[in-house]
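Some notes on the structure that comes next.
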Amino acid sequence: MKKTLSLSFILLVLVLAISACSSGKQEPEKVLRHVVMFGFKPDVPAEQVKEVEDAFCQLPSKIEQIKGYEWGTDCSPEGLQQGLTHCFFLTFHSEADRDAYLVHPAHKAFGKVLGGKASAVTVVDYWTK
């Protein structure tokens, strides 16, 4: 009987400890994805494309509302890119965070770096778990 009570007590303490550790910063139930795709005009030199890439890659360090970030260039064999070559994938915890990003001075400054270099721009936002 004592062993059962001791074991039950230890399990209770363990469960409470795990619960306390995991109850720290909670991730939201859903996240907002913001997908930005660019194609570049044929006459834009590679070094200017790199400048745009670098400028976009600096946004997560300048805008705290960005909670996740990745990017890459097209490698699809399907031929359905419609001129889009670059994809930037940002994660936000709320629409308010995304909206703050849209008007943030660093985002506005990026727009100036992009300037007239893009031949195509597509943006898609969606909620996911």
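Computed from a predicted model, the values in this text were never measured in an experiment. Index from 1, following the sequence.
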Identify each donor-acceptor pair in which a side-chain atom of residues 39-56 lies under 3.5 Å from a protein atom, sequence neighbours left out, and give them as a table.
{"from": "Lys41", "atom 1": "NZ", "to": "Gly116", "atom 2": "O", "distance (Å)": "2.8"}
{"from": "Lys50", "atom 1": "NZ", "to": "Asp54", "atom 2": "OD1", "distance (Å)": "2.8"}
{"from": "Lys50", "atom 1": "NZ", "to": "Asp54", "atom 2": "OD2", "distance (Å)": "3.4"}
{"from": "Glu53", "atom 1": "OE2", "to": "His86", "atom 2": "NE2", "distance (Å)": "2.6"}

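Linking ILVMFWY residues whenever their side-chain heavy atoms come closer than 4.5 Å, directly or via other members, places Leu102 and Phe110 in the same cluster. Cluster membership check: Leu114 does not share its hydrophobic cluster with Leu84, using side-chain heavy-atom separations under 4.5 Å among Ile, Leu, Val, Met, Phe, Trp and Tyr.
The aromatic rings of His34 and Tyr101 stand perpendicular to each other, their planes meeting at an angle above 60°, with 30° marking the opposite boundary.
Annotation for Gly83 and Ser119: closest pair O-OG, 4.4 Å, computed over non-hydrogen atoms. Closest heavy-atom contact between Phe38 and Val121: CD2-CG2, 3.6 Å.
Of the candidates Lys67, Arg33, Glu70, Thr91 forms a side-chain hydrogen bond (donor to acceptor under 3.5 Å, both in side chains) with just one, namely Arg33.
Interatomic distance, Leu90 CG to Phe88 CZ, rounded to the nearest 0.5 Å: 9.5 Å. Expressed to the nearest 0.5 Å, how far CG of Asp74 lies from OG1 of Thr85 amounts to 7.5 Å. In this structure, CD on Gln81 lies 9.0 Å from SG on Cys75, to the nearest 0.5 angstrom. Here OG1 of Thr73 is found 14.0 Å from CE of Met37. Values are rounded to the nearest 0.5 Å. To the nearest 0.5 Å, atoms CG (Leu59) and OH (Tyr69) are separated by 7.0 Å.
Between Cys87 and Trp71 the shortest side-chain heavy-atom distance does not fall below 4.5 Å. Residues Trp127 and Val31 have side chains not in contact (no heavy-atom distance under 4.5 Å, counting atoms from C-beta outward). Here the side chains of Asp97 and Asp99 are not in contact, with every heavy-atom distance at 4.5 Å or above.
His104 places no side-chain N or O within 3.5 Å of a backbone atom of Ile63 that could act as its donor or acceptor partner.
Under the rule for a salt bridge (charged side-chain N to carboxylate O under 4.0 Å, His left out), the partners of Asp125 that lie at least two apart in sequence or sit in another chain are Arg98.
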